Amino acid sequence: MLHIINKSPMTNSALDSCLRVAQSGDILLIEDAVYAVTSGNVFESRMREAMGRFNIYVLQPDLEARGFADRLIGGVSSVDYGGFVDLTASNKSCQSWL
Amino acid sequence: MSDIKKFMFVNRKAPHGTIYALESLEVVLITAAFDQDVSLVFVDDGVYQLKKGQQTKGIATKNFSPAYRALEGYDIEKLYVEKESMEARGLSEEDLLVDVTVLGRAEMGELMDRQDVVLSF
Amino acid sequence: MANIEVDGKTYETDEEGYLVNLADWNTAVANYIAKTENVEMTEQHWEVINFLREYFEEYQIAPAVRVLTKAIGKKLGAEKGNSEYLYGLFPYGPGKQACKIAGLPKPTGCV
């Protein structure tokens, strides 16, 4: 299953809930959720831990818009819009944690 | 003359994901015309508004981050960033587009107390 | 929405005559808009227009008149950085009118 998060982990519990409830699969971080995988962020350790259970993806244009293209933590794959579409197609279902 | 009031704009939202940051900036630029004592405060995700290197081409929206550098020309020179918010995001002053004064949360609270008008975004 | 036609090319403008697409701007378009505003472009006019374009390039906003006046004074000298001089060049306002000719949006705060 593909989990899509679009809220900053610092101000919204969507990512936190996803990591708590979901057991495995793909997680795609878009819009303000991309901050979760930037180096030095307090959420960094949670994300490193999650990498054992999930494949973590981040939408590159959203990362660039926020000025963090050079601060992506290791172990996260960045995708473009085409990659976003591929993820929705390769997963049998998709959940947007609004 | 005590017509001048102390205005504080509190910015707590990340840019781009919502319209708050841009709206706040526009109100600030308009307020500048009224010669008031204006302070801008960046706490929580609001600190992200000042991050260097924002490139919005890929998301096809206006990159308004260079406008923070224009604030000085508008005589808006009081920019404050909360230390705890900045550090929690792995950022330091060198990561920011403009010169700011970094305040601890207690000092920030005191500064807020001294304002006549506080506008929150 | 409205359109203007310059040298056989059509450019989109808003209802007040400001160019919709920044990238559409060129000197021919500027001259055309100036004519519709009854402004005869001189070297002094271009100096201000070019300054506005550079300002926008750097800050991504059109400066308020007060800010423009101060910045012009800094760059081009005090004899140019004052309202009399700038309103002399652009009677309907160095903000509104000059920005229109420069192909920029109306300055924030101008009603």
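Every value quoted in this text rests on a predicted model; they were computed, and no experiment measured them.
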>> Enumerate the ring pair (Phe, Tyr, Trp, His ring centres under 6.0 Å) contacts for residues 89-113 of chain B, please, sequence neighbours excluded, ordered by first and then second residue.
In response: none
> Which pairs count as salt bridge (charged side-chain N to carboxylate O under 4.0 Å, His left out) when at least one residue sits in residues 84-98 of chain A, sequence neighbours excluded?
Replying inline: none
Donor-acceptor table for chain A and chain B, threshold 3.5 Å:
residue	atom	partner	partner atom	Å
A:Ser8	OG	B:Asp45	OD2	2.5
A:Thr11	OG1	B:Asp45	OD2	3.4
A:Gly40	O	B:Gly90	N	3.2
A:Asn41	ND2	B:Tyr48	OH	2.9
A:Val42	N	B:Ala88	O	2.8
A:Glu64	O	B:Gln55	N	2.9
A:Ala65	N	B:Gln55	O	3.2
A:Ala65	O	B:His16	NE2	3.2
A:Gly67	O	B:Lys51	NZ	2.8
A:Arg71	NH1	B:Asp95	OD1	3.3
A:Arg71	NH2	B:Gly90	O	2.6
A:Tyr81	OH	B:Gly58	O	3.0

Exercise answer: donor-acceptor pairs, residues 19-29 of chain A side-chain atoms, under 3.5 Å, sequence neighbours excluded:
residue	atom	partner	partner atom	Å
A:Gln23	NE2	A:Val21	O	3.0
A:Asp26	OD1	A:Asn55	ND2	2.9
A:Asp26	OD2	A:Asn91	ND2	3.0

> Counting heavy-atom pairs under 4.5 Å to chain B, which of A:Ala65, A:Ala33, A:Pro61 comes out on top?
Replying inline: A:Ala65
